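Shown next, in structure tokens, is the structure this report addresses.
Note that the structure is a prediction, hence the values are computed from the model and not measured.
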Amino acid sequence: MRAHHAAHSFQSFPVYSSSFIGDSRLVLGGGGGASRSGIKNKLRLYNVNQDRSIEMLNEFELEAGEDAPMSMAADVQGKNLVCGINSTEELVARGENENCRVFEVNDNKLSLLTKKGTLNTDNVEEFQKVSVLSQDGTVLAAAGPKILHLLSFPLLVPLATAIETKSEIYDAAFSGNTLVVVTIEELLVYSLSKPSSPSKPKKKGKPKAAPSMSVTLEHTIPLPPNLEGGSFRAGHYHPTDSGVFYTAINTKPVRTRTSKSMPRQSFVLKWDTATWKVEKSRKIGDKPLTCFVVSPDGQYLGFGSSDLSIGLLDATTLAPTVSILKAHEFPPTTICFNPTSQLFVSGSADNSIRVVSLPGDSSSYSWTFVLLVIALLILLLAVGAQKVLN
């Protein structure tokens, strides 16, 4: 499949996170980080046009000394988004890091709605690397290195006891009342008792406490035997089929006495969640994957690689459908689809994004096929009727 794409470069704006808040509304998070580089940390709202051109609609500049937005997730229906943004190093050192922040988009303007600390550490190197919303947009999974919090969204009221893991957390995924926490060593599958919606806050006073949510570990899924020694990089459910789960896995270089080390290869796996067995596997390349996501319509798997490329796989067969070599000067740091799965965007610390246009959703292909079949049947009937008349 041939996909049209366009690159856009920015002046001093390394991109680390991204999310669509609407079909044509894209939010980017980036900046120079907590270092005193002189590059300001910001959120930017863009309009993405049909010809893949972009125009900035609004910019929200963070306070001096705060970190760049390192993770992001959007509730398209509510026009809210959550970001992982560390407070200044001074506040972090005092244990006052308000790293989990909710913004709203109203009249094409970004504004801060609320913020909360979840990391509970004075280590300035730790940050909220995972920000994932449930399918209905009411529950947020926010994680640092080894602790994941479940919070109501957008109020950020704690819903359950924090989940602690023995290895580093890289991703999380919701499907109904199931949560999968993706660590580098294993997949942790939890069942959740879904709470009722927390009360909305009145104009004055604090929000009421949300109902508690019970969290039960059901399965612990290790790396497949043929990929032992590797690491999970990301994991996502199929958006319409909870029986399918996808993971990105990077292997470690292997060196023997008789040969040089093998390259650090990358793979995408398709799992059956009824048995948690691997159904399909696809090698992506000889470099680690840095980003991985599933399109909202469930047709495509998007990825970014440390070899500077981005690409798409068919979600059913894992066959490559789009490959763009050297999409960036530095490895991609973020990728996302728009809600209709017609746009795919990648971003990088090289101060650039790339906008890729995709064909319409599968329903358009289905209707085209149906119409072709109907036309063929009409033609055959006409030919048959003519032979009968003759």
### Task
Could you name each residue pair satisfying ring pair (Phe, Tyr, Trp, His ring centres under 6.0 Å) that touches residues 320-347, not counting sequence neighbours?
F337-F344
### Query
With no hydrogens and no angle check, is any side-chain donor or acceptor of S152 less than 3.5 Å from a backbone partner on V157?
yes
## Note on the structure
side chain to side chain donor-acceptor pair (under 3.5 Å) pairs touching residues 63-79, sequence neighbours excluded, are E66-R101, S71-S131
### Task
Among residues two or more places apart or on two chains, list those pairs meeting ring pair (Phe, Tyr, Trp, His ring centres under 6.0 Å) that have a residue in residues 72-96.
none
### Task
Determine which pairs satisfy ring pair (Phe, Tyr, Trp, His ring centres under 6.0 Å) with at least one residue from residues 81-136, sequence neighbours left out, and list them in order.
F60-F103
### Task
Could you label the plane-to-plane angle of the H238 and Y246 rings as parallel, tilted or perpendicular, counting under 30° as parallel and over 60° as perpendicular?
tilted
### Query
Any salt bridge (charged side-chain N to carboxylate O under 4.0 Å, His left out) pairs touching residues 167-176, not counting sequence neighbours?
K129-E168
### Task
Decide if atom CG of D107 counts as having more than 12 heavy atoms of other residues, nucleotides or ligands within a radius under 6.0 Å.
no
### Task
Please work out whether the ring planes of W276 and Y237 are parallel, tilted or perpendicular, with thresholds of 30° and 60°.
perpendicular
### Task
To the nearest 0.5 Å, tell me how far L301 CG sits from K270 NZ.
9.0 Å
### Task
Report yes or no: does H8 contribute a side-chain atom to a donor-acceptor pair with the main-chain N or O of R52 at less than 3.5 Å?
yes
### Task
May I have all residue pairs that pass salt bridge (charged side-chain N to carboxylate O under 4.0 Å, His left out) and include part of residues 41-51, sequence neighbours excluded?
K42-E59, R44-E59
### Query
So, N250 side chain and S266 main chain: donor-acceptor pair closer than 3.5 Å or not?
no
